[in-house]
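Down below is the structure, laid out as structure tokens.
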Amino acid sequence: MEKGKMIYEGKAKKVFKTDDPQQFLVEFKDDATAFDGVKKDKLEDKGILNNRLSAIFFGLLETEGVETHYVKTVSEREMLVKSLEIIPVEVIVRNIAAGSMSKRLGLPEGEALNKTVIEFSLKDDELHDPMINHYHIYAMDLAKAEEMATIEASALKINDILTAYLKDKGITLVDFKLEFGRHQGRVILGDEISPDTCRFWDSSSGEKLDKDRFRRDLGGVIEAYREVLRRLEGSE
Ligand code: TMP
Ligand code: ASP
């Protein structure tokens with residue numbers, strides 16, 4: 001497998017072509033940003049940890065019958081993935097009120113929701129990823145109705161799988177963000193699953209084990225990511 005031209009650089013990852021048009025190489029960087037890149041830092045080893053954590057989560061989902069873009073881990077910071085045409089819609093799944101939902105709706109952080117909430121945002125940094133609904137998605141032709149049906153069913157299944165798996169490790173899955181893309185006519189899960197894109201709370205102490213430690217200047221960011229990895233690898 002040849003590492004080819006870089007085709008995309010995001011805030012936390014770079015994507016490269018390979019000699020196989022059906023596969024891309026994703027490289028996880030140490031950069032951390034928040035508030036649309038206004039707050040920036042380098043967190044040593046974050047890329048290594050998120051590469052490992054994403055591989056564990058994608059592997060788990062595959063064994064549970066959810067197709068993801070993950071093919072294999074090729075180095076400390078790189079994974080081989082199926083080439084995707086990313087659908088520019090961020091899919092957020094929430095079990096407990098936190099973050100922007102708490103702010104927007106005046107719900108205390110930590111309040112359990114009676115029903116799982118799915119939200120959509122347009123993936124556009126310049127516009128600050130505005131929240132959108134199905135009407136916007138179809139009006140802007142971001143995805144078709146059948147694709148959205150697949151995405152929502154998949155997001156809820158992923159929530160069930162991850163919630164149960166993490167509960168067993170003493171971690172509460174508060175909320176998370178997913179991105180999907182098209183590959184050979186199918187809509188499959190892409191991007192990453194890591195403490196950058198999920199809220200993980202320690203089930204007994206409520207301690208935050210995710211990127212909120214960076215966003216809110218709580219310190220111990222990398223230590224928290226390492227703790228998540230320790231709990232997941234400890235029982236493999
Ligand atoms: P929010 O409460 O800030 O809207 O975040 C909801 C979830 O989405 C949370 O688990 C963090 C994740 N997230 C991202 O992955 N990328 C982002 O740019 C933002 C704002 C949130
Ligand atoms: N990834 C987003 C940004 O840079 C924000 C976040 O994760 O909070 O700015």
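Worth knowing before you read on, the calculation uses all heavy atoms, side chains too, and leaves out hydrogens, waters and symmetry mates. Indexing begins at 1, ligand by ligand and atom by atom, following the structure's order.
When only interatomic distances are considered, the shortest N/O to N/O separation between Asp196 and ligand 2 does not fall below 3.5 Å.
The single protein non-hydrogen atom nearest to atom 2 (C) of ligand 2 is Lys11 CE, 3.8 Å, given as residue, atom name and distance. In this structure, the protein non-hydrogen atom closest to atom 4 (O) of ligand 2 is Thr33 OG1, 2.4 Å. Considering only non-hydrogen protein atoms, atom 1 (N) of ligand 2 sits nearest to Lys211 NZ, 3.4 Å. Nearest protein heavy-atom neighbour of atom 8 (O) of ligand 2: Arg215 NE, 2.5 Å.
Cation-pi contact between Lys17 and Phe24: absent, since separation from the ring centre below 6.0 Å together with deviation from the ring axis within 45° is not met.
In this structure, atom 19 (C) of ligand 1 has no protein heavy-atom contact shorter than 4.0 Å.
In the vicinity of Asp36, heavy-atom distances shorter than 4.0 Å reach the ligand 2 atoms 3 (C), 4 (O), 9 (O). Heavy-atom proximity to Arg215, at under 4.0 Å, picks out these atoms of ligand 1: 11 (C).
Looking at Lys177, Arg199, Met101 and measuring to atom 3 (O) of ligand 1, the nearest heavy atom belongs to Arg199. Evaluated by nearest non-hydrogen atom to atom 10 (O) of ligand 1, the leading choice among Ile193, Asp125, Asp175 is Asp175.
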In sequence, state the C-alpha distance, the side-chain angles, and the governing distance for Phe120 and His134, and then conclude on ring pair (Phe, Tyr, Trp, His ring centres under 6.0 Å).
CA-CA 8 Å; Phe120 305 105; His134 288 93; 5.2 Å; yes
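Between the side chain of Glu62 and the backbone N or O of Thr68 there is at least one donor-acceptor pair closer than 3.5 Å.
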